[in-house]
Asks: 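What follows is a structure written as structure tokens; I'll ask about it next.
In what follows, chains carry the letters A, B, and so on, assigned in the order in which the sequence lines appear, proteins first and then strands, with residues in each chain numbered from 1. Computed from a prediction, not measured in an experiment: that's the story for all the values here.
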Amino acid sequence: MNTESYAQILLFGLSVLTLWYFFFWIYKRHSVEIFRQKMFELRDQLFDEAMAGGISFDHPAYKILRTTMNGFLRFGHRVTLLEFILTGVFLKKSVYRAAGRISFNEAWGLATKNVPKGQMEKLESYRQKMNDLVVIQAFLSTPFFLLFLVVGLVLARLPGSIYELCKRKVFNYISSMLKDPLNSVESTAMVCGSN
Amino acid sequence: MSKPKTAAELKAEIEFLKKGQFALGVVSVINTFIKYGSFTLVVRYLYLAVSTLAGKETVSNIVLSLVTNLSMNQWMAYAMAGSGVAYGYSQRRLRMNTVERLQSRNEQLELAVDPNRTSSLLRSNGETRPEDKR
């Protein structure tokens with residue numbers, strides 16, 4: 001092998017190391033900042049909704065949503081697919097109950113028991129948007145995100161309406177698969193946000 | 001004042017915290033393995049490729065070959081990538097400074113409307129607090 005080939009190998013290796021640094025530091029930090037920015041926007045929308053009289057600032061459902069969003073904002077750097085799954089495995093509802101803590105689902109059920117239908121739809125839409133952000137971030141922050149990117153790019157090549165349908169189907173499938181871990185993550189965020 | 005917890009409640013609380021910390025520990029170990037495992041692999045293969053050169057070529061020869069064999073197009077590509085990184089970094093600093101400048105005003109205005117307003121406890125520039133990092 002001549003000097004030129006060695007130089008090329010060295011250059012290739014250094015380029016791979018640079019990409020490694022970009023992925024594990026710059027990209028990860030950037031994806032967390034985007035996640036926080038979107039979560040702040042959602043929290044601001046909820047605040048504006050309350051200011052416009054859509055819901056009281058003292059309503060338990062408002063407080064739960066805000067506290068959980070605060071938890072996600074504070075620990076946004078820990079929202080990963082792996083953490084998602086392991087939190088679901090280790091912190092089941094029974095563990096919360098035994099520790100005298102209430103899970104997000106239980107707290108949400110109690111807080112929204114007497115909420116009128118129209119208001120409930122709005123509150124549920126905020127919860128759904130919050131969970132969408134968390135699920136997307138969990139996938140974007142995994143080292144295997146390129147696989148999801150490939151699936152996304154393949155879907156994007158489909159005609160508009162089919163693309164939207166497939167996107168929604170894939171998203172719903174992933175959300176249903178992650179339903180239990182998501183409930184545990186919501187409960188953890190609610191606890192973290194109230195500290 | 002709230003009622004003091006019983007021994008059983010405290011035990012369950014400790015169990016809850018232990019499980020939470022265990023999950024965090026497992027995640028941390030796997031993430032560190034992926035991150036530094038990939039780094040080690042790249043460095044290992046780079047080393048294997050370059051080690052066969054020992055005693056045959058000098059570093060200066062390789063660097064000289066690297067510099068002289070890059071075409072103008074390649075230099076331009078590197079310059080553009082470098083400029084992009086510098087631009088991104090400077091925009092990030094700018095955004096963080098703006099967040100830091102505006103957040104206290106926003107907080108004051110919101111507190112006037114909702115005195116019980118709760119916070120995300122992030123730093124004033126929007127970054128994670130050092131005690132929340134791991």
Side-chain angles (χ1 to χ4, degrees), chain A residues 1-4 6-14 16-17 20-24 26 29-30 32-33 36-37 39-40 43-44 47 50-51 57-58 63 66-67 69-78 80 82-83 86-87 89-91 95-101 143 188 191 193-195, chain B residues 5 8-9 11-17 19-20 22-24 26-27 30-31 34-36 38-39 42-43 45-47 49-50 52-53 56-57 61-70 81 85 88-89 92 95 106 110 113-122 126-129 132-134:
Chain A
M1 217 188 288
N2 59 17
T3 315
E4 198 181 314
Y6 279 113
Q8 289 302 321
I9 290 170
L10 199 66
L11 191 65
F12 176 74
L14 290 175
V16 173
L17 283 180
W20 172 84
Y21 173 75
F22 266 79
F23 178 74
F24 283 105
I26 297 184
R29 197 171 60 187
H30 186 60
V32 171
E33 286 171 1
R36 282 187 173 144
Q37 174 66 32
M39 195 59 87
F40 270 123
R43 200 185 71 169
D44 286 348
F47 185 90
M51 204 162 73
F57 284 114
D58 297 323
K63 285 183 178 173
R66 177 146 185 133
T67 303
M69 284 178 194
N70 283 340
F72 281 130
L73 285 167
R74 184 176 168 190
F75 291 104
H77 58 293
R78 288 189 187 171
T80 62
L82 193 61
E83 194 128 350
L86 288 178
T87 307
V89 170
F90 290 106
L91 298 177
V95 182
Y96 274 90
R97 211 169 283 151
R101 289 172 191 257
T188 311
V191 172
S194 58
N195 288 333
Chain B
K5 288 183 175 175
E9 282 172 338
K11 205 174 160 191
E13 178 90 27
I14 290 169
E15 194 58 29
F16 171 78
L17 292 172
K19 283 195 171 172
F22 183 73
L24 281 183
V26 172
V27 171
I30 296 174
N31 279 341
I34 293 172
K35 189 191 280 183
Y36 293 104
S38 55
F39 176 79
V42 175
V43 171
Y45 284 112
L46 198 59
Y47 169 76
V50 176
T52 53
L53 257 186
K56 294 177 194 163
E57 294 284 350
N61 273 353
I62 298 173
V63 173
L64 195 68
S65 164
L66 207 64
V67 173
T68 51
N69 285 310
L70 281 183
V85 170
Y89 182 75
R92 182 172 183 272
R95 182 179 53 78
N106 192 39
E110 288 192 357
V113 180
D114 175 20
N116 299 319
R117 176 192 184 277
T118 50
S119 162
S120 62
L121 300 177
L122 289 174
E127 287 212 308
T128 311
R129 293 190 308 173
D132 288 338
K133 285 183 184 166
R134 58 147 197 247

Asks: For the side chain of A/Trp20 and the backbone of B/Tyr36, is there at least one donor-acceptor N/O pair under 3.5 Å apart?
Replies: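 No, the answer is negative, given that no donor and acceptor are paired below the 3.5 Å cut-off.
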Asks: Just to verify, what does B/Tyr89 make a ring-ring contact (aromatic ring centres under 6.0 Å, His included) with, not counting sequence neighbours?
Replies: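 Partners of B/Tyr89 by the ring-ring contact (aromatic ring centres under 6.0 Å, His included) criterion come out as none, since no residue qualifies.
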Asks: Can you check whether B/Ser120 reaches A/Arg43 side chain to side chain, under 4.5 Å on heavy atoms?
Replies: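 The answer is yes, as the side chains (C-beta and beyond) meet within the 4.5 Å cut-off.
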Asks: Quick one: list whatever passes side-chain contact (heavy atoms from CB on, under 4.5 Å) with B/Asn106, sequence neighbours left out.
Replies: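 B/Asn106: side-chain contact (heavy atoms from CB on, under 4.5 Å) contacts with B/Glu110.
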Asks: Would you compute the distance between atom CG of A/Asp58 and atom CG of B/Asp114 and round it to the nearest 0.5 angstrom?
Replies: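 Between A/Asp58 CG and B/Asp114 CG, I get 7.0 Å after rounding to 0.5 Å.
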Asks: Examine whether an atom of A/Phe22 lies under 4.5 Å from a heavy atom of chain B, and if so say whether it belongs to the side chain, the backbone or both; otherwise answer neither.
Replies: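 For A/Phe22, the side chain is the part near chain B, not the backbone.
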Asks: What's the spacing between B/Leu46 CG and A/Leu10 CG if we round to 0.5 Å?
Replies: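 Reported to 0.5 Å precision, the distance equals 6.0 Å.
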Asks: Could you tell me the separation between the CZ atom of A/Arg74 and the CG atom of B/Leu121, rounded to the nearest 0.5 Å?
Replies: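 Spacing of CZ (A/Arg74) from CG (B/Leu121) equals 5.0 Å.
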Asks: What part of A/Gln37 gets within 4.5 angstrom of chain B, counting heavy atoms only: side chain, backbone, both, or neither?
Replies: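 Neither part, no heavy atoms under 4.5 Å.
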Asks: Would you mind reporting whether B/Val43 and A/Leu17 have side-chain heavy atoms less than 4.5 Å apart?
Replies: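 Contact flag for A/Leu17/B/Val43 side chains = yes.
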Asks: Of all heavy-atom pairs between B/Thr118 and A/Arg66, which one has the smallest distance, and what is that distance?
Replies: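 Looks like O-NH2, 2.8 Å.
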Asks: Mind checking the CZ-CD spacing from A/Arg36 to B/Glu127? Nearest 0.5 Å is all I need.
Replies: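 Atom-to-atom, A/Arg36:CZ and B/Glu127:CD are 8.5 Å apart.
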Asks: What's the spacing between B/Leu24 CG and A/Thr188 OG1 if we round to 0.5 Å?
Replies: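 Here the rounded value is 9.0 Å.
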Asks: Give, as side chain, backbone, both or neither, the part of B/Tyr45 having an atom under 4.5 angstrom from any heavy atom of chain A.
Replies: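 Contact with chain A involves no heavy atom of B/Tyr45 at all.
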Asks: Could you check whether any side-chain heavy atom of B/Ser38 comes within less than 4.5 Å of a side-chain heavy atom of A/Phe24, counting everything from C-beta outward?
Replies: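 The answer is yes; the side chains approach within 4.5 Å.
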Asks: Given heavy-atom pairs under 4.5 angstrom as the criterion, report whether the side chain, backbone, both or neither of A/Phe72 touches chain B.
Replies: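 Neither part.
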Asks: Going by atom types alone, do B/Thr128 and A/Arg78 pair a side-chain donor with an acceptor below 3.5 Å?
Replies: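 Distance-only check fails for B/Thr128 and A/Arg78.
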